[in-house]
Amino acid sequence: ITNSYVSVDMSAAANVAGFVGVNNGKISSCFVRESMIINKSSNSSHKTAGFAIKNGASANSNAAISGCYVAGTTSTSSIYSVSPEKSISSMPMVAGFVYSNFNSIQDSYSDILINTSSICAGFVKENSGHIARAYTTSTFSNPGQEAYIFVQSNRIDGGTLGTLCYFGF
C-alpha cells in the first residue's frame, strides 16, 4: 500500500487501528490524520493503535512500514497534537503508532493525544522487530496511567532500536 491516507472518526469494542489491523506486506508514504479512534472494549485482550495492531504476524514475515505517520490536530499554541476531538481514546492498552512490531518500521512518527487509564506507549507497545529513524510527540491525557514515551517492551530476543530513534517531549 502506498500514498494512502485515512481521516475518519471510528469507534468499536474490539481491536481498533487507524489504518490496518495486521500488516503482512509493505506500507509506505501513508498516514492517519485528524481522526478520532475510540475503543470502547473493556476486554483487556483487545488492542488499540493509531496505525496498525500488528506489523507482521510473526518474526518470519517480511512486513515493513516506512515513511508513515499518525497525527491528531495541532493548535497555534502547541507543537503537539493536543485536541481531544482528534485523538485515541481507549479502555484497553494503546500504542500511538503500532501495537506489536515483529518486523521493520522506519522513517515514521506519531503525534496524537492518547487518552486511557490503561498501559500506553507513544509509538510501539511491544517491539520484537527493528525500529529506525522514528519519533513520537504523542502526549497522554490521563496522569494516573502507566505511560511509556516510545516503546513499552523491547524484546531482548529480537527487538532493536536503530540509530537516530528519538522522541520529542
Are [X] and [Y] connected, step by step, through hydrophobic side chains (Ile, Leu, Val, Met, Phe, Trp, Tyr) whose heavy atoms are closer than 4.5 Å?
X	Y	value
V32	V20	yes
M91	M10	no
V151	I105	yes
F140	I37	yes
V124	I27	yes

With a 4.5 Å heavy-atom cut-off, do [X] and [Y] have their side chains touching?
X	Y	answer
L161	N127	yes
I114	S87	no
I131	N101	yes

Closest approach of [X] to [Y] (non-hydrogen atoms, all atoms of both residues):
X	Y	answer
Y135	F150	CA-CE1, 3.9 Å
K125	I119	CE-CG2, 3.8 Å
N23	G25	OD1-N, 3.0 Å

For L113, the rest of its hydrophobic cluster, which grows through side-chain links under 4.5 angstrom: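 Members other than L113 - counting any ILVMFWY side chain reachable under 4.5 Å - there are none.
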
Other cluster members, I38 - Ile/Leu/Val/Met/Phe/Trp/Tyr, side-chain contacts below 4.5 Å: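 Result for I38 is M36.
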
Contacts of type ring-ring contact (aromatic ring centres under 6.0 Å, His included), residue Y69, not counting sequence neighbours: F31, Y109

Residue pairs, two or more places apart or on separate chains, that pass side chain to side chain donor-acceptor pair (under 3.5 Å) and touch residues 3-12: D9-K86

Listed partners of N115 passing side chain to side chain donor-acceptor pair (under 3.5 Å), at least two apart: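 Per chain and number, N115 pairs via side chain to side chain donor-acceptor pair (under 3.5 Å) with S141.
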
By side chain to side chain donor-acceptor pair (under 3.5 Å) - contacts of S42 (at least two apart):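 Applying side chain to side chain donor-acceptor pair (under 3.5 Å) to S42 gives none.
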
ring-ring contact (aromatic ring centres under 6.0 Å, His included) contacts in which one or both residues fall within residues 6-28, not counting sequence neighbours: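 Counting only pairs at least two positions apart or across chains, the ring-ring contact (aromatic ring centres under 6.0 Å, His included) contacts touching residues 6-28 are F19-F51.
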
Donor-acceptor contact below 3.5 Å, side chain T136 vs main chain S110: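 Looks like yes, one N/O pair under 3.5 Å.
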
Side chain S108, main chain C68, donor-acceptor under 3.5 Å: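 Between the backbone of C68 and the side chain of S108 there is a qualifying donor-acceptor contact (under 3.5 Å).
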
Identify, with sequence neighbours excluded, every residue that meets side chain to side chain contact (heavy atoms under 4.5 Å, CB included) alongside [X].
X	answer
K54	V22, S100, F102
S118	M93, T116
N39	V16, S41, H46, T48, S90, P92

Residue pairs fulfilling salt bridge (Lys or Arg N to Asp or Glu O under 4.0 Å) with at least one residue in residues 97-107, sequence neighbours excluded: D107-R133

Spacing of K26 atom NZ and S28 atom OG [to the nearest 0.5 Å]: 10.5 Å

Please list every donor-acceptor pair under 3.5 Å in which a side-chain atom of residues 57-66 meets a protein atom from a residue at least two apart or in another chain.
residue: S58; atom: OG; partner: N60; partner atom: N; Å: 3.2
residue: S61; atom: OG; partner: S58; partner atom: O; Å: 3.1
residue: S61; atom: OG; partner: N103; partner atom: OD1; Å: 2.7

